[in-house]
Structure formats: C-alpha cells, structure tokens
Amino acid sequence: MDERKASGEAGLHLKRRKKESYLKGILGALAGALVATALWQCVAGVIGGNLHLVFGFIMAAFVYYGYFLFGGKEGKAFLYIWIGISLAAAVASFALALGVQYVDSLQIVGTASFSDYARSYSGSQIMAYLALLKRSFPIIFANFRAYGPDLFIMLVFLIIGIGNYLFSRKREENLS
C-alpha cells in the first residue's frame with residue numbers, strides 16, 4: 001500500500017514537472033514584476049522620500065514567486081531569467097518612481113489648476129497625469145547621474161533580495 005502511494009506521488013510529481021516551462025515562468029515573472037511595480041509606485045507616490053528604494057528587495061521576491069507560481073521550469077536558465085527580469089523591472093520601476101515623484105512635486109497639483117490641465121485631455125485626470133509623467137522622463141534621464149546614489153541603494157537591496165533567495169534555496173538543497 002505504501003509503495004503504491006509512494007509511486008503515485010512520484011508519478012504526480014513527474015506530471016507536474018512535464019507541465020513546467022520557461023515561457024510560463026517568464027510570464028509569471030513579468031506578472032510578479034508588474035505587481036511589485038504597482039506597489040513600488042504606490043509607496044513612491046503616497047509616502048515619497050527614499051523609502052521606495054527598498055523595493056529592490058521586494059521586486060526580487062515577487063519575480064521569484066511569480067516565476068514558480070505560473071509553472072516556471074527550474075533549470076539552468078531560471079537564474080538568468082530571474083536576475084534579468086528582476087534587474088530590468090527594478091531599474092524601470094525606479095525611473096517610474098522618480099517620474100511619479102517629479103509629477104507630484106509640480107505646482108499644478110492644486111485641484112483647480114490640475115482640473116484645467118485635465119480638460120485638455122477630455123477631462124480625464126488619469127490621462128493628464130500620464131501625460132505629465134511621460135514628459136518627466138526626459139528630465140529624469142538627462143539628470144540620471146544625479147540619481148546614481150539612489151540607484152546604487154536600490155541595486156544593493158535587489159542584490160540582497162536575490163542573494164537571500166539563492167541562499168535559502170541552497171540551504172534547502174543541502175537539507176534534502
């Protein structure tokens with residue numbers, strides 16, 4: 001009885017392994033990156049300051065769990081996919097957070113003046129905000145060197161996040 005149960009569990013494990021793929025993992029990693037980016041922007045826009053820089057750590061975690069949640073294959077390419085998507089998403093989220101903070105610092109945030117600005121976008125405040133955000137990126141990229149220390153801090157947190165998960169996976173492998 002126990003042998004059949006053990007072989008059944010092994011068969012289930014093999015079936016689950018067949019369904020895993022790098023493509024599913026990449027889609028999951030991107031979904032995790034989108035969720036982490038949304039959270040990152042909420043913190044950057046609502047709280048402000050440099051607290052959003054610790055989201056490099058959170059980005060690594062969300063990309064990692066997104067990869068496996070969607071059925072990503074655990075193979076040699078996983079590490080490159082995970083680090084690549086984490087790094088690209090973290091840098092993009094960092095630039096977007098700077099844009100959000102820049103737009104929020106503009107003097108047109110008053111209700112009357114922003115409403116007037118939004119009328120040029122058919123009254124859509126979301127579209128007006130996105131247009132302001134789009135206009136902030138050339139300013140941010142022109143001054144990107146000034147953000148070097150902040151970018152470095154964010155990358156340190158990203159490396160800590162990646163290292164944390166690599167260390168815990170290595171420890172799990174050694175225990176089993």
Could you name each residue pair satisfying side chain to side chain donor-acceptor pair (under 3.5 Å) that touches residues 150-159, not counting sequence neighbours? none

Apply side chain to side chain contact (heavy atoms under 4.5 Å, CB included) to residues Tyr67 and Ile85 and explain how you reach the verdict. CA-CA 10 Å; Tyr67 183 88; Ile85 291 176; over 6 Å; no

Gap separating the [atom1] atom of [X] from the [atom2] atom of [Y], nearest 0.5 angstrom:
X: Ile26; Y: Ile81; atom1: CD1; atom2: CD1; answer: 4.0 Å
X: Leu79; Y: Ile162; atom1: CG; atom2: CD1; answer: 8.0 Å
X: Ile58; Y: Ser93; atom1: CD1; atom2: OG; answer: 11.5 Å

side-chain contact (heavy atoms from CB on, under 4.5 Å) with Ala90: which residues, sequence neighbours excluded? Trp40, Met59, Met154, Leu158

For Leu39, side-chain contact (heavy atoms from CB on, under 4.5 Å) partners two or more places apart: Val35, Phe55, Phe62

I would like to know whether Trp82 and Leu166 meet side chain to side chain contact (heavy atoms under 4.5 Å, CB included); could you show each step before the answer? CA-CA 11 Å; Trp82 177 39; Leu166 288 176; 3.8 Å; yes

Please check: side-chain N/O of Glu20 versus main-chain N/O of Gly71, any donor-acceptor pairing under 3.5 Å?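 No, Glu20 side chain to Gly71 backbone: no donor-acceptor pair under 3.5 Å.
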
Sidechain-backbone polar pair: Lys24 side chain, Lys73 backbone, donor-acceptor under 3.5 Å: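 A pair under 3.5 Å: no.
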
Common cluster, [X]/[Y], ILVMFWY with side-chain heavy-atom separation under 4.5 Å:
X: Ile83; Y: Phe94; result: yes
X: Leu30; Y: Val91; result: yes
X: Val156; Y: Ile153; result: yes
X: Ile159; Y: Phe152; result: no

Between Leu87 and Leu155, is there a side-chain heavy-atom distance shorter than 4.5 Å?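 Sidechains of Leu87 and Leu155: in contact.
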
How far apart are the closest heavy atoms of [X] and [Y], and which atoms are they?
X: Val54; Y: Phe157; answer: CG1-CZ, 3.6 Å
X: Ala31; Y: Phe70; answer: CB-CZ, 3.9 Å
X: Ala60; Y: Ser86; answer: CA-OG, 3.9 Å

So, applying ring pair (Phe, Tyr, Trp, His ring centres under 6.0 Å) with Tyr165, which one of Phe78, Tyr64, Phe68 is it?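 Of all the options given, the one that passes is Tyr64.
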
